[in-house]
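Once you've had a glance at the structure underneath, I'll fire off some questions.
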Amino acid sequence: DAGVTQSPTHLIKTRGQQVTLRCSPKSGHDTVSWYQQALGQGPQFIFQYYEEEERQRGNFPDRFSGHQFPNYSSELNVNALLLGDSALYLCASSSPSRNSPLHFGNGTRLTVT
Amino acid sequence: AQSVTQLGSHVSVSEGALVLLRCNYSSSVPPYLFWYVQYPNQGLQLLLKYTSAATLVKGINGFEAEFKKSETSFHLTKPSAHMSDAAEYFCAVRSLNYGGSQGNLIFGKGTKLSVKP
């Protein structure tokens with residue numbers, strides 16, 4: 001049973017560029033969340049998708065956007081990249097129940113130069 | 001607003017010694033609490049979760065945590081540390097549900113555990 005898979009594993013971009021990160025949830029999960037983890041910090045919530053809609057959003061600018069597809073997979077898009085966007089981006093999936101834990105992928109390491 | 005505070009950004013123990021990683025939470029409602037572990041260059045793996053069923057929660061790899069409402073704490077312990085326990089540990093609280101959706105996780109800043117031979 002495959003867990004949460006993310007691609008690519010590493011990415012290097014230049015300031016001002018745009019990037020798309022991809023995530024496939026664990027089998028049986030229909031809720032996908034994205035987190036940003038800066039070096040030496042805990043993960044920070046970006047947004048959550050359920051039924052192809054953004055259900056919750058953290059304190060991130062509109063440059064961060066996402067999408068969920070009918071097969072529950074998801075994309076995170078970041079426009080106009082800044083140096084401060086360099087981080088590990090983690091995708092997590094879960095079932096919709098309130099106490100369902102999040103299952104995380106191994107993340108995409110984004111470096112903005 | 002809910003929050004989590006992890007006391008001690010670095011903890012070092014000897015192999016075989018007790019591991020104690022501290023977590024205090026702030027929540028206006030009964031919380032759902034989690035401990036995750038992160039090994040280098042990997043994502044987060046769930047160690048255990050508290051969802052109000054029992055105050056002492058047992059997790060994987062010999063870890064356990066005790067929910068103490070009076071102290072608003074959820075400390076993580078393991079009786080005997082192994083070298084393989086060296087990693088970063090994150091405590092998290094689930095935010096309040098709103099709009100019927102599942103609340104997101106609010107993480108502490110993490111505690112890096114080192115295990116000396």
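Residue numbers begin at 1 in each chain, while the letters A, B, ... track the order of the sequences. Below, each value reflects all heavy atoms present in this structure, side chains not excepted, and no hydrogens, waters or symmetry copies.
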(request) Check whether Ser94(A) gets within reach of chain B through its side chain, its backbone, both or neither, counting any heavy atom under 4.5 Å. (result)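 The answer is the side chain of Ser94(A).
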(request) Taking Tyr35(A) for its side chain and Leu105(B) for its backbone only, find out whether a donor-acceptor pair lies under 3.5 Å. (result)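 Checked: pair present.
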(request) Might you confirm whether atom CG of Asn41(B) has over 12 heavy atoms from other residues, nucleotides or ligands at distances under 6.0 Å? (result)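 No, not enclosed.
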(request) Would you indicate whether Arg63(A), at its atom CZ, is surrounded by more than 12 heavy atoms from other residues, nucleotides or ligands within a distance under 6.0 Å? (result)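 Above 12, so yes.
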(request) Indicate, with yes or no, if Val4(A) and Phe104(A) share a hydrophobic cluster defined by side-chain heavy-atom contacts under 4.5 Å among Ile, Leu, Val, Met, Phe, Trp and Tyr. (result)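 Different clusters.
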(message) Under 4.5 Å from any heavy atom of chain A, what part of Tyr50(B) do you find: side chain, backbone, both or neither?
(response)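 Neither part.
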(message) Between Leu102(A) and chain B, with a heavy-atom cut-off of 4.5 Å, which part of the residue counts as in contact: side chain, backbone, both or neither?
(response)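 Both backbone and side chain of Leu102(A) come within 4.5 Å of chain B.
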(message) Quick check on the 6.0 Å ring-centre criterion: do Phe107(B) and Phe45(A) meet it?
(response)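 Not close enough - the centres of the two rings lie 6.0 Å or further apart.
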(request) Mind listing the closest non-hydrogen atom pair of Arg94(B) and Ser100(A) along with its distance? (result)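 Heavy atoms only, the tightest pair is NH1-O, 2.8 Å.
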(request) Please state whether the side chain, the backbone, both or neither of Gln45(B) comes within less than 4.5 Å of a heavy atom of chain A. (result)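 No part of it gets close to chain A.
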(message) Using a 4.5 angstrom heavy-atom cutoff, name the option from Gly107(A), Pro43(A), Ser33(A), Gly58(A) with the most pairs to chain B.
(response)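 Going by pairs under 4.5 Å, I would pick Pro43(A).
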(request) Return yes when atom CG of Leu56(B) has more than 12 non-hydrogen atoms of other residues, nucleotides or ligands closer than 6.0 Å, and no otherwise. (result)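 Atom CG in Leu56(B) is packed in, count exceeds 12.
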(request) Using a 4.5 Å cut-off on heavy atoms from C-beta on, say whether the side chain of Pro101(A) contacts that of Tyr32(B). (result)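 A side-chain contact is absent here, since even the closest heavy-atom pair is not under 4.5 Å.
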(message) Tell me whether the count of non-hydrogen atoms from other residues, nucleotides or ligands lying under 6.0 Å of CD in Glu75(A) goes above 12.
(response)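 Count over threshold, so yes.
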(message) For Gly103(B), is there any backbone N or O sitting under 3.5 Å from a side-chain donor or acceptor partner on Arg55(A)?
(response)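 Checked: no pair found.
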(message) If you count every heavy atom of other residues, nucleotides or ligands that lies below 6.0 Å from Lys112(B) atom NZ, does the total exceed 12?
(response)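 Counting other residues, nucleotides and ligands, NZ of Lys112(B) stays at 12 neighbours or fewer.
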(request) Name the option with the most non-hydrogen atom pairs under 4.5 Å to chain A; the candidates are Leu44(B), Leu46(B), Val4(B), Ile106(B). (result)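 Answer, by heavy-atom pair count under 4.5 Å with chain A: Leu44(B).
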(message) So for atom CD1, which belongs to Ile12(A), do other residues, nucleotides or ligands contribute more than 12 heavy atoms lying within a distance under 6.0 Å?
(response)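 It does not: Ile12(A) CD1 has 12 such atoms or fewer within range.
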(message) Can you give me the closest heavy-atom contact between Gln38(B) and Leu88(A), atom names plus distance?
(response)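 Looks like NE2-CD2, 3.8 Å.
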(message) Quick check on Gln37(A) against chain B: is it the side chain, the backbone, both or neither that has a heavy atom closer than 4.5 Å?
(response)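 The side chain, not the backbone.
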(request) Could you tell me whether Asn59(A) atom CG has more than 12 heavy atoms of other residues or ligands within 6.0 Å of it? (result)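 No, the 6.0 Å shell around CG holds no more than 12 heavy atoms from other groups.
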(request) Under 4.5 Å heavy-atom distance to chain A, tell me which part of Lys49(B) shows up: side chain, backbone, both or neither. (result)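 Contact with chain A involves the side chain of Lys49(B) alone.
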(request) Give, for atom CG of Asn104(B) and atom CH2 of Trp34(A), the distance between the pair rounded to the nearest 0.5 Å. (result)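 Rounded to the nearest 0.5 Å, the CG-CH2 separation comes to 16.0 Å.
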(request) State yes or no: do Leu90(A) and Leu39(A) share one hydrophobic cluster built from I, L, V, M, F, W and Y residues joined by side-chain heavy-atom distances below 4.5 Å, directly or via other members? (result)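 Different clusters.
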(message) Are Tyr25(B) and Leu76(B) connected into the same hydrophobic cluster when the rule is that any two of I, L, V, M, F, W, Y join if their side-chain heavy atoms are below 4.5 Å apart?
(response)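 Shared cluster, yes.
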